[in-house]
Amino acid sequence: MQAQDVHVLKSAALPTAAVGVVAVVAALLLAGGKGALGAAMGIVLVAVFFGVTLVAVGFASRVSPHVMGAVAMGTYLVKVVAVMLVLAVFRDTTLWDFRAFAWSILVGTLVWTGFEARAFLKTKMLYVDPEVTVAETRER
């Protein structure tokens with residue numbers, strides 16, 4: 001994992017964790033212990049899903065941009081399907097409050113995505129290899 005990937009991961013994970021604490025406290029006040037557990041489970045789910053994607057894309061970027069794009073699209077598809085499956089499987093659960101779980105997933109996703117996009121926009125990444133000369137480019 002490259003340094004800018006770690007920076008992006010921290011930039012997205014820390015605000016999401018902070019929002020997660022607020023969500024757990026709010027759910028505790030509104031729905032009791034089951035609400036707090038639901039909110040915590042939702043935030044953990046968001047952090048794991050988005051964290052895995054960022055790590056997978058970071059490793060794939062070492063291989064090639066084409067592989068990185070395929071991994072990004074593949075992990076997005078897996079995340080969407082997995083969240084739908086988790087929501088369907090735990091819809092009738094009595095372990096935690098489903099609404100707190102779903103709302104924390106929604107809010108956590110929005111926060112993670114927003115801060116991840118912000119971190120990428122602020123990261124100074126080269127999109128041209130400065131070490132490649134014009135002669136080397138013609139040889140390719």
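Below, each value reflects all heavy atoms present in this structure, side chains not excepted, and no hydrogens, waters or symmetry copies.
Clustering ILVMFWY residues whenever any of their side-chain heavy atoms sit less than 4.5 angstrom apart, transitively, puts L87 in a cluster other than the one holding M84. Taken together through direct or relayed side-chain contacts under 4.5 Å among Ile, Leu, Val, Met, Phe, Trp and Tyr, V63 and V57 form part of one hydrophobic cluster. In terms of hydrophobic clustering, with Ile, Leu, Val, Met, Phe, Trp and Tyr side chains grouped at heavy-atom distances under 4.5 Å, L30 and L95 are assigned to different clusters. In this structure, L54 is not a member of the same hydrophobic cluster as L14, with clusters built from ILVMFWY side-chain heavy atoms closer than 4.5 Å. Cluster membership check: V48 shares its hydrophobic cluster with L37, using side-chain heavy-atom separations under 4.5 Å among Ile, Leu, Val, Met, Phe, Trp and Tyr.
Atom CD1 of I105 sits about 5.0 Å away from atom CG of L45, to the nearest 0.5 Å. Rounding to the nearest 0.5 angstrom, the gap separating the CG atom in L9 from the CD atom in E116 is 8.5 Å. In this structure, R62 CZ and M68 CE are separated by 13.0 Å, a value rounded to the nearest 0.5 Å.
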For this session: Please report the C-alpha distance between M73 and L77 in whole Å, then the side-chain angles of each, then the deciding distance to 0.1 Å, and finally whether the side-chain contact (heavy atoms from CB on, under 4.5 Å) criterion is met.
Result: CA-CA 6 Å; M73 292 302 292; L77 177 65; over 6 Å; no

For this session: Give the intermediate values and the outcome of side-chain contact (heavy atoms from CB on, under 4.5 Å) for residues F50 and T113.
Result: CA-CA 9 Å; F50 281 98; T113 304; 3.9 Å; yes

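What you find for T94 and K34 is that their closest heavy atoms are O-NZ, 2.7 Å. Considering every non-hydrogen atom in both V46 and S104, the closest pair reads CG2-O, 4.4 Å. Shown here for A12 and P15, the closest heavy-atom pair between the two residues is O-CD, 3.5 Å. The two atoms that bring A100 and A27 nearest to each other are CB-CB, 3.9 Å, heavy atoms only.
The aromatic ring centroids of W112 and F49 lie 6.0 Å or more from each other.
Inter-residue side-chain proximity for V67 and S64 is flagged as met; some heavy-atom pair is nearer than 4.5 Å. In this structure, the side chains of I43 and V24 stay at 4.5 Å or more apart for every pair of heavy atoms. S11 is not listed as a side-chain neighbour of F115, based on a closest heavy-atom distance of 4.5 Å or more. Contact of the V8 side chain with the F120 side chain is registered, since non-hydrogen atoms from C-beta on lie closer than 4.5 Å.
Counting non-hydrogen atoms of other residues, nucleotides and ligands closer than 6.0 Å to CH2 of W103 gives a total of 12 or fewer.
Distance alone, capped at 3.5 Å, is enough to place a donor-acceptor pair between the T75 side chain and the A72 backbone.
Aromatic ring orientation, F101 versus F90: perpendicular (interplanar angle above 60°, classes split at 30° and 60°).
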